[in-house]
Amino acid sequence: MQVRTLGKRTADIRDHLLRQIEIGNFSRGAALPSERELAEQLDASYMTIRKAIGQLVQERYLERVPRVGTFVSSQIPAGKVQRQLGIIVPAWTAPENSDFIMYASEAAEQDDWLPKLYFARHWEDRTLTDAWQNCDALLCFAPQPVNRMPEELLNRFRSHQKPVVLIGVPAHHFGLDTVAGSMELELGVLLDRLAQAGHTRIALVEQYSLMNDQLELDTPTFYSVWKQRITETLGAEAVTELSILVETPRFELPHRAIYEKLKVFGRKPPFTAIITRVPFVWGVAAALTDLGLKIPEDVSLVSNGDRQEVPFYRPRLSYLKVPLRDHAFKALELIRAREQNPALPVQYAMIQPVFVEGETLKQLNH
């Protein structure tokens, strides 16, 4: 009777551990807690744990390494245990981060991957190394500019031992597979659209940080393209007049800083249109409204970015989006290609922008 009870308990423990492997709590290559730790956690005897683990070793789900520990086998076929897709996003709340998680999870499900979420504050966050070690492939929504990535992490990512795809920032020149738009193309589309409507005095709202007393723009490429175009159209002196640069506030959203910066212009601003990113729209719109300026009658407002909520802004926003859903599904294509041929040259998939006509762009030449 005692043997039968032990057998049933062993089966229960075996099934529990296998379930943890199947749902990704113990991923391929990951170390299990010691048998004594598991015995305490699961309120089972040491021998019961040892027998259950022995069964999973025989079934080749686990591997014992003498004097080291027990590990989930890295050779478990995908048909037995789903491959795990690590989805890395910046560790701060933003609608586009949540949207990307949703799209990446949808793409993973369609391709029979098990999505696992990781939140990273910066490139040196231990979370990134854990994700690389514990998952079969990674989608990485960069938490910082790629040029700040430590060499050790960069070498892991570009070794192609596991597929890693950077999302939203061009990283192919660092040797990393990339899915991104083109900031030059995106800003060019916005400037062309404004020019077609008769606008020349076009302001740009942008954030910056001070790094070692040096001004570092959030999107330097975006700013440089805008600066070149304004210089060609109006002359270099207009750049200073039309640059709305706001220092990135610590531990708060940028809306108030943008709002205060715009309020200084008063009711007769030097611009007829503003380009800003979608996350900044509320700060810009609030400042213009409180100055008594109407959108678009007095100032046109166009934006770039992709959030599921944008179609519900009022007035309806005129904006350029580079669809995040397209990023997610294209990234899975790159992962499949990398799995099939790890020696492939670095892959770069460019997502095309889409301009959405709204109600915030006034035609000056009509």
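For this chain, numbers begin at 1 and follow the sequence in order.
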Just do the side chain to side chain contact (heavy atoms under 4.5 Å, CB included) check on Tyr348 and His173 with the steps written out, would you? CA-CA 9 Å; Tyr348 177 28; His173 49 282; over 6 Å; no
Could you walk me through whether Leu191 and Ile275 pass side chain to side chain contact (heavy atoms under 4.5 Å, CB included), step by step? CA-CA 9 Å; Leu191 289 168; Ile275 295 175; 3.8 Å; yes
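- Taken to the nearest 0.5 Å, the CG atom of Asp125 stands 12.0 Å off from the CZ atom of Phe119.
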Side chain to side chain contact (heavy atoms under 4.5 Å, CB included) between Ile335 and Arg338, worked out: CA-CA 5 Å; Ile335 285 174; Arg338 179 64 63 192; 5.7 Å; no
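- Arg9 places none of its side-chain heavy atoms less than 4.5 Å from the side chain of Lys51.
- Between the Glu359 side chain and the Arg316 main chain, a donor and an acceptor come within less than 3.5 Å of each other.
- For CZ of Arg267, the number of neighbouring non-hydrogen atoms (other residues, nucleotides, ligands) closer than 6.0 Å is 12 at most.
- Considering every non-hydrogen atom in both Pro270 and Glu241, the closest pair reads CB-OE2, 3.5 Å.
- Between Phe71 and Leu32, every side-chain heavy-atom pair lies at or beyond the 4.5 Å cut-off.
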Show, in sequence, the C-alpha distance, side-chain angles and deciding distance for Phe280 and Val246, and conclude whether the side chain to side chain contact (heavy atoms under 4.5 Å, CB included) test is met. CA-CA 11 Å; Phe280 305 160; Val246 178; over 6 Å; no
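- For the pair Thr289 (side chain) and Ala286 (backbone), a donor-acceptor distance under 3.5 Å is absent.
- The pair Glu260-Arg256 meets the salt-bridge criterion, with a side-chain N (NZ, NE, NH1 or NH2) lying under 4.0 Å from an Asp/Glu carboxylate O.
- A distance of 9.0 Å separates CD1 of Ile202 from CG of Leu187, quoted to the nearest 0.5 Å.
- Within 6.0 Å of atom NZ in Lys330, 12 or fewer heavy atoms from other residues, nucleotides or ligands are found, so the atom counts as exposed in its surroundings.
- Side-chain contact between Val189 and Glu186: absent, with no pair of heavy atoms (C-beta onward) separated by less than 4.5 Å.
- Side-chain contact check for Thr178 and His172: no donor-acceptor pair (N or O, by modelled atom type) lies under 3.5 Å.
- Within a 6.0 Å radius of CD in Gln144, more than 12 heavy atoms belonging to other residues, nucleotides or ligands are found.
- Taking 4.0 Å as the cut-off between side-chain N and carboxylate O, Glu151 and Arg158 count as a salt-bridged pair.
- Within 6.0 Å of CD on Glu40 lie no more than 12 heavy atoms contributed by other residues, nucleotides or ligands.
- For the pair His199 (side chain) and Lys362 (backbone), a donor-acceptor distance under 3.5 Å is present.
- By the 6.0 Å contact criterion, NZ on Lys263 is enclosed, its count of non-hydrogen atoms from other residues, nucleotides or ligands being greater than 12.
- In summary, the aromatic rings of Tyr313 and Trp282 are positioned with their centroids under 6.0 Å apart.
- Thr360 places no side-chain N or O within 3.5 Å of a backbone atom of Leu317 that could act as its donor or acceptor partner.
- Counting heavy atoms from C-beta on, the side chains of Ile21 and Ile76 come closer than 4.5 Å.
- Here the side chain of Ser318 pairs a donor or acceptor atom with the backbone of Gly358 at under 3.5 angstrom.
- A donor-acceptor pair is defined here as one N or O able to donate and one able to accept, closer than 3.5 Å; such a pair exists between the side chain of Gln347 and the backbone of Leu334.
- Expressed to the nearest 0.5 Å, how far CG of Asp306 lies from CG of Asp99 amounts to 7.0 Å.
- Considering every non-hydrogen atom in both Gly305 and Tyr319, the closest pair reads O-CD1, 3.6 Å.
- Taking 4.5 Å as the limit, every side-chain heavy atom of Ile53 sits out of range of all side-chain heavy atoms of Arg50.
- Phe174 and Phe157 have their aromatic ring centers separated by at least 6.0 angstrom.
- Shown here is Arg336, whose CZ atom has more than 12 heavy atoms of other residues, nucleotides or ligands within 6.0 Å.
- Shortest non-hydrogen contact noted between Arg325 and Tyr103 is N-CD1, 3.4 Å.
- Counting heavy atoms of neighbouring residues, nucleotides and ligands inside a 6.0 Å radius, atom CZ of Arg148 exceeds 12 of them.
- For the pair Leu56/Thr70, no side-chain contact is recorded, criterion being any heavy-atom separation below 4.5 Å from C-beta on.
- Looking at heavy atoms from C-beta onward, Val310 lies in side-chain contact with Val278 at the 4.5 angstrom threshold.
- A salt bridge links Glu339 to Arg83: at least one charged side-chain nitrogen sits closer than 4.0 Å to a carboxylate oxygen.
- Here the straight-line distance linking atom CZ of Phe271 with atom CG of Asp298 works out to 11.0 Å at 0.5 Å rounding.
- Using a distance-only test at 3.5 Å, with no hydrogens or angles considered, a donor-acceptor pair links the side chain of Asn134 to the main chain of Asp130.
- A distance-only check finds a donor-acceptor pair linking the side chain of Thr248 to the backbone of Tyr208 [under 3.5 Å].
- Between Asp192 and Arg229, at least one side-chain nitrogen of the basic residue sits less than 4.0 Å from a carboxylate oxygen of the acidic one, meeting the salt-bridge criterion.
- Residues His327 and Leu139 fail the side-chain proximity criterion, which asks for heavy atoms closer than 4.5 Å.
- Around the CD atom of Glu109, the shell of radius 6.0 Å holds no more than 12 heavy atoms that belong to other residues, nucleotides or ligands.
- To the nearest 0.5 angstrom, Leu301 atom CG is 7.0 Å from Thr276 atom OG1.
- Nearest heavy atoms, Ser303 versus Val281: OG-CG2, 3.7 Å.
- A continuous path of ILVMFWY side-chain contacts below 4.5 Å connects Trp226 to Leu190, so both sit in one hydrophobic cluster.
- In terms of heavy-atom proximity, Lys162 sits nearest to Trp132 at NZ-O, 2.6 Å.
- The pair Glu35-Arg64 meets the salt-bridge criterion, with a side-chain N (NZ, NE, NH1 or NH2) lying under 4.0 Å from an Asp/Glu carboxylate O.
- There is no path of hydrophobic side-chain contacts, each under 4.5 Å, that joins Ile351 to Leu185.
- Minimum heavy-atom separation, Gly181 to Pro170: O-CG, 4.5 Å.
- Taking hydrophobic clusters as Ile, Leu, Val, Met, Phe, Trp and Tyr residues chained together by side-chain heavy-atom distances below 4.5 Å, Val346 does not share a cluster with Met350.
- A distance of 12.5 Å separates CE in Met149 from CZ in Arg156, rounded to the nearest 0.5 Å.
- The hydrophobic cluster containing Val322 does not contain Leu204, counting ILVMFWY residues as joined when their side-chain heavy atoms lie under 4.5 angstrom apart, directly or transitively.
- When hydrophobic clusters are built by joining Ile, Leu, Val, Met, Phe, Trp and Tyr residues whose side-chain heavy atoms come closer than 4.5 Å, directly or via intermediates, Leu242 is grouped together with Val299.
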